[in-house]
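To start, the structure under review is shown below, and the notes come after it.
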Amino acid sequence: MTDTNLNGFIDAVNLEVNKQIEDILSQANKKKSEKIEQAENDILNKSYVQIKTAVTQLQAESKMKISKAEQESRIRVLTHREELVRKIFANVEEQIKEFVRSDNYKDYLINLIKKETIENGAVIFIKPDDMKYEKILKSYIEAECEFKEDKTIKYGGLSVYSESSSVLKNMTIDSLLEDEKKNFSSKYKLA
């Protein structure tokens, strides 16, 4: 082969090698771009999942904090209401005690007896301190009856037990106060 032919052959081989090198580099760059794009997508997806998880966690923590704050607020309101109710009824109890110590209390007991139909054999229960009114109260009753101390009566009033009907009519101030507490609680939704 002549030098010219040899040079032409070498040039042709070099051209072919250069073309293959360019194809290989092109494919490598294409694969590189695809891999970079895939890596970026993977990182973006992973970041998205992390952000979404963080947001969900923050929302859950926020809801929990709000819920806890609302619960604590309700507890404070209920505690305050209970304290107010306790003060109200402590005041009412003091007024009842004052009333029971007053002269009007005896008239109150007499009016209870006058309004009630007392049968023969009835038992009238009063608190031990009120036994001092027994004679006065008996003077307003036409039937034969008995007065007995009832240590469970704290404030006053009386209960009448009829033997013939086996009925106990509770007209104690204690019972009235308990009824008022129940009515108050249900009316004002405090219980």
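Residue numbers count from 1 along this sequence.
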In terms of hydrophobic clustering (I, L, V, M, F, W, Y; side-chain heavy atoms under 4.5 Å; direct or indirect links), are [X] and [Y] co-clustered?
| X | Y | value |
| --- | --- | --- |
| Ile118 | Leu168 | no |
| Ile173 | Phe184 | yes |
| Ile110 | Phe99 | yes |

query: Are Thr172 and Ser175 linked by a side-chain donor-acceptor pair shorter than 3.5 Å?
result: no
Do [X] and [Y] touch side chain to side chain, with heavy atoms closer than 4.5 Å?
| X | Y | answer |
| --- | --- | --- |
| Pro128 | Lys151 | yes |
| Phe147 | Phe125 | no |
| Asp107 | Asp103 | no |
| Lys32 | Lys30 | no |
| Glu40 | Ile36 | yes |
| Tyr105 | Ile96 | no |
| Leu84 | His80 | yes |
| Glu34 | Gln38 | no |

task: Starting from the C-alpha separation in whole Å, work towards a yes-or-no answer on side chain to side chain donor-acceptor pair (under 3.5 Å) for Thr56 and Thr53.
output: CA-CA 5 Å; Thr56 302; Thr53 301; over 6 Å; no
message: Tell me if a side-chain donor or acceptor on Ser47 pairs with a main-chain N or O of Ile43 at a distance below 3.5 Å.
response: yes
Find the distance between [atom1] ([X]) and [atom2] ([Y]) and round it off to the nearest 0.5 Å.
| X | Y | atom1 | atom2 | answer |
| --- | --- | --- | --- | --- |
| Lys182 | Leu177 | NZ | CG | 11.0 Å |
| Ile153 | Leu158 | CD1 | CG | 7.5 Å |
| Asn29 | Ile24 | CG | CD1 | 12.0 Å |

- prompt: Would you find more than 12 non-hydrogen atoms of other residues, nucleotides or ligands less than 6.0 Å from Glu72 atom CD?
  reply: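 Check passes, neighbour count above 12.
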query: Do other residues, nucleotides or ligands put more than 12 heavy atoms under 6.0 Å from Lys106 NZ?
result: no
task: Verify side-chain contact (heavy atoms from CB on, under 4.5 Å) between Ile124 and Glu146, making sure each step is shown before the conclusion.
output: CA-CA 6 Å; Ile124 300 172; Glu146 179 183 1; over 6 Å; no
message: side-chain contact (heavy atoms from CB on, under 4.5 Å), that's the test. Do Lys169 and Met171 meet it? Break it down for me.
response: CA-CA 6 Å; Lys169 186 166 184 186; Met171 296 178 286; 4.2 Å; yes
- request: Name all residues meeting the side chain to side chain donor-acceptor pair (under 3.5 Å) criterion together with Tyr161; count only those two or more places apart in sequence or in a different chain, and write none if there are none.
  value: none
message: Against Tyr155, only a single residue in Lys127, Lys97, Glu93 fulfils side-chain hydrogen bond (donor to acceptor under 3.5 Å, both in side chains); can you say which?
response: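 For Tyr155, the side-chain hydrogen bond (donor to acceptor under 3.5 Å, both in side chains) test succeeds with only one of Lys127, Lys97, Glu93, which is Glu93.
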query: Could you go step by step and tell me if Asp150 and Ile126 meet the side-chain contact (heavy atoms from CB on, under 4.5 Å) rule?
result: CA-CA 5 Å; Asp150 184 347; Ile126 56 178; over 6 Å; no
Salt-bridge criterion met for Glu22 and Lys19 (N-O under 4.0 Å):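 Salt bridge: no.
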- request: For a side-chain contact (heavy atoms from CB on, under 4.5 Å) with Tyr108, tell me which candidate from Asn111, Asn104, Leu112 qualifies.
  value: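 Among Asn111, Asn104, Leu112, the one meeting side-chain contact (heavy atoms from CB on, under 4.5 Å) with Tyr108 is Leu112.
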message: Before you tell me yes or no, could you show the steps for Lys138 and Glu134 under salt bridge (charged side-chain N to carboxylate O under 4.0 Å, His left out), namely the whole-Å CA-CA distance, both residues' side-chain angles and the distance that decides it to 0.1 Å?
response: CA-CA 6 Å; Lys138 273 188 176 179; Glu134 178 182 1; 3.4 Å; yes
